[in-house]
Amino acid sequence: MTLKLQQRVVAAAEAALARQHYVAPVEVLTALGWLATANVEDWRRGRFTPLARIMQVDEAKLRSAVGLLRDWAEGRGLTPSEIPYVAGTRDRRPLVFADEGNETVERAFRTHWVSPKLSEKKREQLEARQAKAPDLAVISPINDWTCATCGSPEQAGEFLFMEDDQPLCLSCADFDHLVFLPSGNAALSRRAKQESTLSVLVIRLNQRRKRYERQGILVEETALERAERQCLADEDVRARRRERDAQRRAAQDVEFQAAMAAEIRRLFPGCPADRAQAIAEHAGTRGSGRVGRSAAGRALDEGAVRLAVIASVRHLDTAYDDLLMSGVPRALARERIRADLDRVLARWEGHPAGR
């Protein structure tokens with residue numbers, strides 16, 4: 001069990017490091033399937049604490065995973081950085097991980113492991129971003145609900161704000177003076193948020209993906225009006241900029257995908273040229289959220305390129321997708337196809353292929 005757990009922890013950590021240049025214990029536990037992303041988001045927004053309350057694993061296994069992560073990070077020469085977790089509530093209260101209040105345990109969970117390749121300035125920016133509390137958020141509910149303060153379902157409205165694990169309507173939460181701006185216009189949303197003294201994120205749970213998704217923001221009506229005037233004033237300028245940016249991105253994508261295909265062929269000389277190009281195009285598609293579009297992927301980091309190749313082999317050269325469709329859990333499916341995956345990678349690494 002320890003060896004298998006170690007392999008899973010290392011795989012999750014390597015993927016996180018390639019994607020974002022740091023590794024956080026909470027993200028590794030989520031990748032292991034012990035935490036649901038939606039539950040972590042609820043915890044970050046202060047709906048409950050400690051986080052251990054909803055972990056799907058016993059304490060001994062949890063401590064073992066965190067220890068394995070620390071050993072891997074120290075072996076890779078990563079830099080420890082202690083990041084405080086603050087709730088996305090009005091009082092910005094500190095969040096805790098475990099029930100017993102053990103400071104050693106809390107410090108282990110707060111410790112993020114950062115790539116030593118980052119400059120001091122970028123590391124400071126990363127730490128500031130990580131330590132920032134989540135935005136205040138209201139939920140677009142899926143089910144019927146009743147305000148815990150006024151108790152009137154007729155007055156509840158389309159959004160609820162969770163405070164101390166109790167649902168409040170916008171009036172009772174003192175958000176009823178704000179207006180809803182749906183997502184879709186990035187410039188308008190950004191300017192309205194900047195102009196508004198108070199802004200609140202609107203989210204809704206995607207039950208299929210088991211995560212919250214952004215629906216828009218609540219802002220002051222006068223702030224929205226000012227933002228709309230600003231957008232109208234420079235609409236032509238922004239349209240021309242978008243056109244230039246689109247042309248530049250198209251040229252950059254072709255160059256980047258060609259460079260990535262070449263890097264794949266360098267690392268895996270046995271990979272056919274057309275397959276390397278297909279992997280690069282898939283992983284490097286703009287807006288896809290795939291590893292090729294991560295910061296590490298755009299820098300052609302070796303780890304990120306390997307992850308792109310591994311993902312392609314897993315889906316196209318093994319029975320992985322068939323196992324998932326038959327109901328096999330993702331972690332177990334990956335274990336079952338590991339030998340087939342390793343065989344393909346070994347062949348590609350060791351034997352040049354013709355063009």
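Here the structure is a predicted model, which means the values were calculated and not measured. Positions are given from 1 along the sequence.
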Chemist: Could you walk me through whether L35 and V26 pass side chain to side chain contact (heavy atoms under 4.5 Å, CB included), step by step?
Modeler: CA-CA 8 Å; L35 284 170; V26 170; 4.2 Å; yes
Chemist: Please examine the side chains of T89 and F161, heavy atoms only from C-beta on, and report whether any two atoms are closer than 4.5 Å.
Modeler: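 Sidechains of T89 and F161: no contact.
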Chemist: Carefully, step by step, assess Q6 and D71 under the rule side chain to side chain contact (heavy atoms under 4.5 Å, CB included).
Modeler: CA-CA 10 Å; Q6 181 184 31; D71 293 343; over 6 Å; no
Chemist: Do any N or O atoms from the side chain of S312 and from the backbone of I279 form a donor-acceptor pair under 3.5 angstrom?
Modeler: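 Not at all, since once roles are kept as given, no pair shorter than 3.5 Å links the two residues.
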Chemist: If I take atom OH from residue Y212 and atom CG from residue D42, how far apart are they, to the nearest 0.5 angstrom?
Modeler: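 Here the rounded value is 3.5 Å.
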Chemist: Please check if the number of heavy atoms outside D144 that lie under 6.0 Å from its CG is greater than 12.
Modeler: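 It does not: D144 CG has 12 such atoms or fewer within range.
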Chemist: When you look at CD of E221, are more than 12 heavy atoms from neighbouring residues, nucleotides or ligands closer to it than 6.0 Å?
Modeler: no
Chemist: Will you find, in the side chains of Q130 and H112, an N or O donor that is under 3.5 Å from an N or O acceptor?
Modeler: yes
Chemist: Is any side-chain heavy atom of K117 less than 4.5 Å from a side-chain heavy atom of D301?
Modeler: yes
Chemist: Whether R338 and E335 form a salt bridge (side-chain N of Lys/Arg under 4.0 Å from carboxylate O of Asp/Glu) is what I want to check.
Modeler: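 So E335 pairs with R338 through a salt bridge.
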Chemist: Between atom CG of L345 and atom CG of L267, what is the distance when rounded to the nearest 0.5 Å?
Modeler: 11.5 Å
Chemist: Which heavy atom of V23 sits nearest a heavy atom of A16, and at what distance?
Modeler: CG2-CB, 4.2 Å
Chemist: Would Y22 end up clustered with V66 when hydrophobic side chains under 4.5 Å apart are linked, directly or stepwise?
Modeler: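 No, because Y22 and V66 fall into different hydrophobic clusters, even though each may have its own neighbours under 4.5 Å.
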Chemist: Can you tell me how far the CG atom of L32 sits from the NZ atom of K61, to the nearest 0.5 Å?
Modeler: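 The distance works out to 8.5 Å.
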Chemist: Picking from K193, R45, R214, what satisfies side-chain hydrogen bond (donor to acceptor under 3.5 Å, both in side chains) with D135?
Modeler: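 Testing D135 for a side-chain hydrogen bond (donor to acceptor under 3.5 Å, both in side chains) against K193, R45, R214 leaves exactly one candidate, K193.
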Chemist: Does V96 reach the side chain of L51, with side-chain heavy atoms less than 4.5 Å apart?
Modeler: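 No, too far: nothing below the 4.5 Å cut-off.
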Chemist: Measuring from R347:CZ to F268:CZ, what's the distance to the nearest 0.5 Å?
Modeler: 12.0 Å
Chemist: For G216, is there any backbone N or O sitting under 3.5 Å from a side-chain donor or acceptor partner on S183?
Modeler: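 Confirmed, S183 side chain pairs with G216 backbone.
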Chemist: Show your reasoning for whether side chain to side chain contact (heavy atoms under 4.5 Å, CB included) applies to R334 and R314.
Modeler: CA-CA 8 Å; R334 291 194 174 193; R314 182 184 293 128; 3.5 Å; yes
Chemist: Using the benzene-type ring in the case of Trp, are the ring centres of W43 and F97 under 6.0 Å apart?
Modeler: yes
Chemist: Salt bridge or not for E82 and R110, using N-O below 4.0 Å?
Modeler: yes
Chemist: With the side chain counted from C-beta on, respond yes when P167 and T146 share a heavy-atom pair under 4.5 Å apart, and no when they do not.
Modeler: no
Chemist: Which residue pairs pass the salt bridge (Lys or Arg N to Asp or Glu O under 4.0 Å) test when at least one of the two sits in residues 9-27, sequence neighbours left out?
Modeler: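 Matches after skipping sequence neighbours: E14-R76.
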Chemist: Is the backbone N or O of E163 less than 3.5 Å from a side-chain atom of R47, with the two atoms forming a donor-acceptor pair by type?
Modeler: no
Chemist: Minimum heavy-atom separation for V328 and L324, please, with both atom names.
Modeler: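 Looks like O-CD2, 3.7 Å.
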Chemist: Counting distance only, does the side-chain N/O of E220 pair as donor-acceptor with the main-chain N or O of T222 below 3.5 Å?
Modeler: no
Chemist: Distance from S171 atom OG to H177 atom NE2, nearest 0.5 Å?
Modeler: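 Atom-to-atom, S171:OG and H177:NE2 are 11.5 Å apart.
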Chemist: Can you find a pair of side-chain heavy atoms, one from V40 and one from I54, that are under 4.5 Å apart?
Modeler: no
Chemist: Taking L323's backbone N and O only, do any of them form a donor-acceptor pair with S326's side chain (distance below 3.5 Å, no angle check)?
Modeler: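 Side chain of S326 to backbone of L323: a pair is present.
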Chemist: Charged N to carboxylate O under 4.0 angstrom, R275 versus D317?
Modeler: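 Between D317 and R275 there is a salt bridge, with a charged N closer than 4.0 Å to a carboxylate O.
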Chemist: Go through the steps to decide whether V309 and C271 satisfy the test side chain to side chain contact (heavy atoms under 4.5 Å, CB included), and finish with yes or no.
Modeler: CA-CA 9 Å; V309 173; C271 177; 6.0 Å; no
Chemist: Between S140 and Q215, do the side chains contain an N or O donor and an N or O acceptor separated by less than 3.5 Å?
Modeler: no
Chemist: Ignoring hydrogens and angles, state whether a donor on the side chain of Y320 or D340 is under 3.5 Å from an acceptor on the partner side chain.
Modeler: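 The answer is no; no qualifying pair exists.
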Chemist: Short question: side chain of R226, backbone of E195 - any donor-acceptor pair under 3.5 Å?
Modeler: yes
Chemist: Has the side chain of S64 got a donor or acceptor atom that lies under 3.5 Å from a matching backbone atom of A60?
Modeler: no
Chemist: Answer yes or no: is there a side-chain heavy-atom contact under 4.5 Å between M55 and L62?
Modeler: yes
Chemist: Looking at OG1 of T79 and CG of L118, how far apart are the two atoms once the value is rounded to the nearest 0.5 Å?
Modeler: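 Reported to 0.5 Å precision, the distance equals 8.5 Å.
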Chemist: Do NZ/NE/NH1/NH2 and the carboxylate oxygens of R191 and D234 come within less than 4.0 Å?
Modeler: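 Yes, charged N to carboxylate O under 4.0 Å.
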Chemist: Could E127 and R129 be called an ion pair, given the rule that one side-chain N must be under 4.0 Å from one carboxylate O?
Modeler: no
Chemist: Between E263 and R306, is there a salt bridge with N-O shorter than 4.0 Å?
Modeler: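 Between E263 and R306 there is no salt bridge, as every charged N stays at least 4.0 Å from the carboxylate O atoms.
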Chemist: For residues L178 and L198, report the shortest heavy-atom separation together with the two atoms involved.
Modeler: CD2-O, 3.9 Å
Chemist: Determine yes or no for a side-chain-to-main-chain donor-acceptor pair under 3.5 angstrom, with R93 supplying the side chain and V86 the backbone.
Modeler: no
Chemist: Check the hydrophobic clustering (I, L, V, M, F, W, Y; side-chain heavy atoms under 4.5 Å; chains of links allowed) and say if L316 and V344 are grouped together.
Modeler: no
Chemist: For residues I83 and V105: do they belong to one hydrophobic cluster (side chain heavy atoms under 4.5 Å, members Ile, Leu, Val, Met, Phe, Trp, Tyr)?
Modeler: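 Hydrophobic grouping puts I83 apart from V105.
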Chemist: If the threshold is 4.0 Å, N to carboxylate O, is there a salt bridge linking R336 and D322?
Modeler: no
Chemist: Do L5 and L69 belong together in a cluster built from hydrophobic side chains that touch within less than 4.5 Å?
Modeler: yes
Chemist: Quick one: closest heavy-atom pair of M260 and A283, and the distance?
Modeler: CE-CB, 4.0 Å
Chemist: Please check if the side chain of R8 supplies one atom and the backbone of K4 the other of a donor-acceptor pair under 3.5 Å.
Modeler: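 No; zero donor-acceptor contacts below 3.5 Å.
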Chemist: Please list all pairs passing the side chain to side chain donor-acceptor pair (under 3.5 Å) test where one or both residues lie in residues 29-40, with sequence neighbours left out.
Modeler: none
Chemist: Using every non-hydrogen atom in the two residues, find where A148 and L168 come nearest and quote the distance to one decimal.
Modeler: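 Looking at all heavy atoms of both residues, the shortest contact is CB-CD2, 4.4 Å.
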Chemist: Taking the side chain as C-beta and beyond, is there a heavy-atom pair between L218 and V179 under 4.5 Å?
Modeler: no
Chemist: Which atom names give the shortest non-hydrogen contact between L205 and I142, and what distance separates them?
Modeler: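 Closest pair (atom of L205, atom of I142, distance): O-CD1, 3.5 Å.
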Chemist: Under the criterion ring-ring contact (aromatic ring centres under 6.0 Å, His included), I'd like the reasoning laid out for F180 against F159: C-alpha separation, chi angles, the key distance, then a yes or no.
Modeler: CA-CA 10 Å; F180 177 51; F159 305 127; 5.2 Å; yes
Chemist: So do the side chains of L78 and W72 get within less than 4.5 Å of each other, counting heavy atoms only?
Modeler: yes
Chemist: Whether R107 and E103 form a salt bridge (side-chain N of Lys/Arg under 4.0 Å from carboxylate O of Asp/Glu) is what I want to check.
Modeler: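 Yes, this pair counts.
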Chemist: Counting only N and O atoms by type, is there a donor-acceptor contact under 3.5 Å from the side chain of E213 to the main-chain atoms of I203?
Modeler: no
